[in-house]
K.L.:
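Below you'll find the structure I mean.
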Amino acid sequence: RASQEKSRVTPRRRVRGCSVVGTPSIRTFPLVPKSTRWLQPGDFWAVPLPGGRFACGRVLQVEGDRIPVPARGFFGGVLNWLGDAPPTSEAIAGHKVLEHGVMHIRAITRTGGAILGHRNLALDDIESPVLLSAVGGPDVKLLTGARTIRSARPDELRKYPVLGCWGYLHIQDLAAYRLLEEASPD
(Lines give C-alpha, C1' and ligand atoms only; values in the text may rest on other atoms or scores of the structure.)
Protein backbone atom coordinates (compact mmCIF):
# COMPACT_ATOMS: atom_id res chain seq x y z
CA ARG A 1 0.00 0.00 0.00
CA ALA A 2 1.41 3.36 -1.00
CA SER A 3 2.36 5.76 1.77
CA GLN A 4 0.41 8.96 1.93
CA GLU A 5 2.26 12.14 0.99
CA LYS A 6 0.98 15.68 0.89
CA SER A 7 1.77 18.32 -1.66
CA ARG A 8 0.70 21.97 -1.72
CA VAL A 9 -0.56 22.97 -5.16
CA THR A 10 -2.46 25.78 -6.71
CA PRO A 11 -5.42 24.37 -8.66
CA ARG A 12 -6.38 25.83 -12.01
CA ARG A 13 -9.83 26.89 -13.12
CA ARG A 14 -10.66 27.65 -16.71
CA VAL A 15 -12.64 30.79 -17.36
CA ARG A 16 -13.47 31.53 -21.02
CA GLY A 17 -10.39 29.71 -22.29
CA CYS A 18 -7.95 31.19 -19.75
CA SER A 19 -6.35 29.57 -16.74
CA VAL A 20 -7.16 31.27 -13.47
CA VAL A 21 -5.22 30.44 -10.34
CA GLY A 22 -7.41 29.25 -7.48
CA THR A 23 -6.70 29.05 -3.78
CA PRO A 24 -3.92 26.73 -2.58
CA SER A 25 -5.00 23.24 -1.56
CA ILE A 26 -3.34 20.16 -0.20
CA ARG A 27 -3.27 16.98 -2.27
CA THR A 28 -3.02 13.63 -0.53
CA PHE A 29 -1.45 10.65 -2.27
CA PRO A 30 -2.47 8.23 -3.59
CA LEU A 31 -4.74 10.50 -5.64
CA VAL A 32 -7.25 9.01 -8.08
CA PRO A 33 -7.76 11.75 -10.69
CA LYS A 34 -11.13 12.31 -12.30
CA SER A 35 -9.84 15.20 -14.41
CA THR A 36 -6.56 16.99 -15.05
CA ARG A 37 -7.57 19.83 -12.74
CA TRP A 38 -5.40 18.61 -9.88
CA LEU A 39 -2.56 17.10 -11.91
CA GLN A 40 0.79 18.85 -11.80
CA PRO A 41 3.88 18.38 -13.98
CA GLY A 42 6.08 15.96 -12.06
CA ASP A 43 3.28 13.74 -10.74
CA PHE A 44 4.00 10.02 -11.19
CA TRP A 45 2.11 6.73 -11.14
CA ALA A 46 2.84 3.00 -11.28
CA VAL A 47 2.42 1.14 -14.56
CA PRO A 48 2.06 -2.59 -13.74
CA LEU A 49 3.93 -4.94 -16.08
CA PRO A 50 3.83 -8.69 -16.67
CA GLY A 51 5.77 -10.69 -14.11
CA GLY A 52 4.85 -8.36 -11.24
CA ARG A 53 7.29 -5.57 -12.12
CA PHE A 54 6.50 -1.87 -12.51
CA ALA A 55 7.28 1.00 -14.84
CA CYS A 56 6.64 4.65 -14.01
CA GLY A 57 4.40 7.15 -15.81
CA ARG A 58 5.08 10.84 -15.37
CA VAL A 59 2.99 13.97 -16.02
CA LEU A 60 5.01 16.45 -18.12
CA GLN A 61 2.39 19.12 -19.01
CA VAL A 62 -1.26 19.62 -18.11
CA GLU A 63 -2.01 22.47 -20.46
CA GLY A 64 -1.30 22.88 -24.15
CA ASP A 65 -3.14 23.88 -27.29
CA ARG A 66 -2.44 20.44 -28.84
CA ILE A 67 -4.28 18.53 -26.10
CA PRO A 68 -7.66 17.62 -27.64
CA VAL A 69 -9.72 17.49 -24.41
CA PRO A 70 -8.00 19.71 -21.80
CA ALA A 71 -10.14 18.56 -18.87
CA ARG A 72 -9.17 14.92 -19.47
CA GLY A 73 -5.94 15.08 -21.49
CA PHE A 74 -2.33 15.76 -20.57
CA PHE A 75 1.16 15.35 -21.99
CA GLY A 76 3.08 12.63 -20.20
CA GLY A 77 5.60 9.90 -20.63
CA VAL A 78 7.11 6.68 -19.39
CA LEU A 79 10.46 6.76 -17.60
CA ASN A 80 13.45 4.51 -18.26
CA TRP A 81 12.83 3.02 -14.81
CA LEU A 82 11.91 -0.57 -13.95
CA GLY A 83 11.21 -1.76 -10.41
CA ASP A 84 9.99 -4.68 -8.34
CA ALA A 85 7.70 -2.33 -6.37
CA PRO A 86 5.67 0.74 -7.37
CA PRO A 87 7.76 3.88 -7.96
CA THR A 88 8.66 6.34 -5.24
CA SER A 89 10.16 9.80 -5.55
CA GLU A 90 13.52 8.46 -4.39
CA ALA A 91 13.46 5.42 -6.70
CA ILE A 92 12.81 7.43 -9.88
CA ALA A 93 15.41 10.11 -9.12
CA GLY A 94 17.66 10.72 -12.11
CA HIS A 95 15.59 8.66 -14.56
CA LYS A 96 14.73 10.21 -17.91
CA VAL A 97 11.64 10.04 -20.12
CA LEU A 98 11.87 7.14 -22.55
CA GLU A 99 8.78 7.97 -24.67
CA HIS A 100 6.13 10.69 -24.46
CA GLY A 101 2.72 11.55 -25.85
CA VAL A 102 -0.69 13.09 -25.22
CA MET A 103 -2.71 10.84 -22.91
CA HIS A 104 -6.19 10.66 -21.46
CA ILE A 105 -6.59 10.64 -17.68
CA ARG A 106 -7.63 6.99 -18.07
CA ALA A 107 -4.01 6.18 -18.94
CA ILE A 108 -3.52 6.62 -15.19
CA THR A 109 -6.77 5.16 -13.86
CA ARG A 110 -6.77 2.08 -16.13
CA THR A 111 -3.14 1.18 -15.51
CA GLY A 112 -1.75 2.20 -12.11
CA GLY A 113 -5.00 3.64 -10.88
CA ALA A 114 -3.64 6.60 -8.93
CA ILE A 115 -1.01 9.31 -8.72
CA LEU A 116 1.45 8.04 -6.10
CA GLY A 117 3.43 11.21 -5.56
CA HIS A 118 5.13 14.25 -7.01
CA ARG A 119 8.76 14.92 -7.91
CA ASN A 120 9.78 18.22 -9.45
CA LEU A 121 10.83 17.64 -13.08
CA ALA A 122 13.76 20.06 -12.72
CA LEU A 123 15.38 17.74 -10.14
CA ASP A 124 15.83 15.18 -12.93
CA ASP A 125 16.58 17.70 -15.71
CA ILE A 126 13.36 16.73 -17.49
CA GLU A 127 11.96 19.28 -19.93
CA SER A 128 9.22 18.97 -22.51
CA PRO A 129 10.74 17.91 -25.84
CA VAL A 130 10.65 19.87 -29.09
CA LEU A 131 8.18 18.17 -31.44
CA LEU A 132 6.23 18.73 -34.64
CA SER A 133 2.45 18.91 -34.94
CA ALA A 134 2.42 16.76 -38.11
CA VAL A 135 4.69 14.86 -40.50
CA GLY A 136 4.36 17.45 -43.25
CA GLY A 137 2.01 19.86 -44.93
CA PRO A 138 1.51 23.58 -45.30
CA ASP A 139 0.98 24.49 -41.64
CA VAL A 140 3.19 22.24 -39.48
CA LYS A 141 3.85 23.76 -36.06
CA LEU A 142 6.91 23.48 -33.85
CA LEU A 143 5.91 22.48 -30.32
CA THR A 144 7.34 22.27 -26.83
CA GLY A 145 5.53 19.20 -25.56
CA ALA A 146 1.90 19.93 -26.42
CA ARG A 147 2.28 23.72 -26.72
CA THR A 148 2.71 25.50 -30.04
CA ILE A 149 5.82 27.66 -30.33
CA ARG A 150 5.56 28.77 -33.98
CA SER A 151 5.32 27.50 -37.54
CA ALA A 152 8.05 24.98 -38.36
CA ARG A 153 10.68 25.90 -40.92
CA PRO A 154 11.32 23.46 -43.80
CA ASP A 155 14.73 22.48 -42.33
CA GLU A 156 13.02 21.42 -39.06
CA LEU A 157 10.56 18.97 -40.64
CA ARG A 158 13.03 16.08 -40.53
CA LYS A 159 14.83 17.19 -37.39
CA TYR A 160 12.12 16.59 -34.75
CA PRO A 161 9.65 13.76 -34.02
CA VAL A 162 5.88 14.21 -34.32
CA LEU A 163 3.64 14.59 -31.26
CA GLY A 164 1.75 11.34 -30.65
CA CYS A 165 -1.59 10.67 -28.98
CA TRP A 166 -1.70 7.49 -26.92
CA GLY A 167 -4.60 5.16 -26.18
CA TYR A 168 -5.45 4.36 -22.56
CA LEU A 169 -3.20 1.29 -22.32
CA HIS A 170 -0.45 2.33 -24.73
CA ILE A 171 1.87 3.34 -21.90
CA GLN A 172 1.62 -0.17 -20.44
CA ASP A 173 2.28 -1.88 -23.79
CA LEU A 174 5.14 0.49 -24.58
CA ALA A 175 6.76 0.03 -21.17
CA ALA A 176 6.50 -3.77 -21.42
CA TYR A 177 8.15 -3.71 -24.85
CA ARG A 178 10.86 -1.12 -24.15
CA LEU A 179 11.71 -2.11 -20.57
CA LEU A 180 11.06 -5.86 -20.44
CA GLU A 181 11.52 -7.23 -23.96
CA GLU A 182 14.44 -5.02 -24.99
CA ALA A 183 16.19 -5.67 -21.67
CA SER A 184 15.81 -9.48 -21.74
CA PRO A 185 18.75 -11.48 -23.10
CA ASP A 186 18.16 -13.34 -26.38
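Numbering of residues begins at 1 and proceeds along the displayed sequence. As the structure is a prediction and not an experimental result, all values here were calculated from the model.
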K.L.:
Step by step, work out the side-chain contact (heavy atoms from CB on, under 4.5 Å) result for Leu82 and Leu49.
P.N.:
CA-CA 9 Å; Leu82 182 64; Leu49 300 174; 3.6 Å; yes

K.L.:
Run His118 and Phe29 through side-chain contact (heavy atoms from CB on, under 4.5 Å) and show every step you take.
P.N.:
CA-CA 9 Å; His118 178 87; Phe29 301 109; 4.2 Å; yes

K.L.:
Go through the steps to decide whether Asp65 and Lys141 satisfy the test salt bridge (charged side-chain N to carboxylate O under 4.0 Å, His left out), and finish with yes or no.
P.N.:
CA-CA 11 Å; Asp65 59 311; Lys141 301 295 185 194; over 6 Å; no

K.L.:
Measuring from atom CG of Leu116 to atom OG1 of Thr88, what distance do you get when rounded to the nearest 0.5 angstrom?
P.N.:
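So the CG of Leu116 and the OG1 of Thr88 are separated by 9.5 Å.
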
K.L.:
Hey, could you give me the CZ/CG distance between Arg150 and Leu142, rounded to the nearest 0.5 Å?
P.N.:
5.0 Å

K.L.:
If you take all heavy atoms of Phe54 and Ala46, which pair is closest and at what distance?
P.N.:
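Between these two residues, the closest heavy atoms are CD2-CB, 4.0 Å.
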
K.L.:
Give a yes or no on whether Glu156 atom CD has more than 12 heavy-atom contacts from other residues, nucleotides or ligands under 6.0 Å away.
P.N.:
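It does: Glu156 CD has more than 12 such atoms within range.
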
K.L.:
According to a 4.5 Å side-chain heavy-atom criterion applied to Ile, Leu, Val, Met, Phe, Trp and Tyr, with indirect links allowed, do Leu143 and Leu121 form part of one hydrophobic cluster?
P.N.:
yes

K.L.:
Using 30° and 60° as the class boundaries, would you call the ring planes of Phe74 and Trp45 parallel, tilted or perpendicular?
P.N.:
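Phe74 vs Trp45 ring planes: perpendicular.
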
K.L.:
Within the distance-only criterion (no hydrogens, no angle test), does the side chain of Gln172 pair as donor or acceptor with the backbone N or O of Val47 below 3.5 angstrom?
P.N.:
no

K.L.:
Arg106 and Tyr168: which non-hydrogen atoms are nearest, and at how many Å?
P.N.:
NH1-OH, 3.2 Å

K.L.:
If you count every heavy atom of other residues, nucleotides or ligands that lies below 6.0 Å from Lys159 atom NZ, does the total exceed 12?
P.N.:
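No, not enclosed.
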
K.L.:
Do you reckon Ile108 sits in the same ILVMFWY cluster as Leu174, going by side-chain contacts under 4.5 Å, direct or chained?
P.N.:
yes

K.L.:
List the atom of Ile126, the atom of His95, and the distance in Å for their closest heavy-atom pair.
P.N.:
CD1-O, 3.6 Å

K.L.:
Let me check something: do Val135 and Leu157 share a hydrophobic cluster, defined by ILVMFWY side-chain heavy atoms less than 4.5 Å apart, either directly or through other members?
P.N.:
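Yes, same cluster.
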
K.L.:
If I take atom CD1 from residue Ile105 and atom NZ from residue Lys34, how far apart are they, to the nearest 0.5 angstrom?
P.N.:
10.5 Å

K.L.:
Out of curiosity, Gln40 CD to Asn120 CG, how far, rounded to the nearest 0.5 Å?
P.N.:
10.5 Å

K.L.:
Rounded to the nearest 0.5 Å, what's the gap from CD1 on Ile171 to CE on Met103? Could you check?
P.N.:
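CE of Met103 is found 4.0 Å from CD1 of Ile171.
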
K.L.:
Count I, L, V, M, F, W, Y as connected when their side-chain heavy atoms are under 4.5 Å apart, and connections chain through other members. Are Val140 and Val130 then in the same cluster?
P.N.:
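Yes, same cluster.
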
K.L.:
Do Trp166 and Leu169 sit in one hydrophobic cluster, given that two such residues count as connected whenever their side-chain heavy atoms are within less than 4.5 Å of each other, even indirectly?
P.N.:
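In one cluster: no.
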
K.L.:
Looking at CD1 of Ile115 and CG of Asp43, how far apart are the two atoms once the value is rounded to the nearest 0.5 Å?
P.N.:
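Ile115 CD1 to Asp43 CG: 5.0 Å, rounded to 0.5 Å.
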
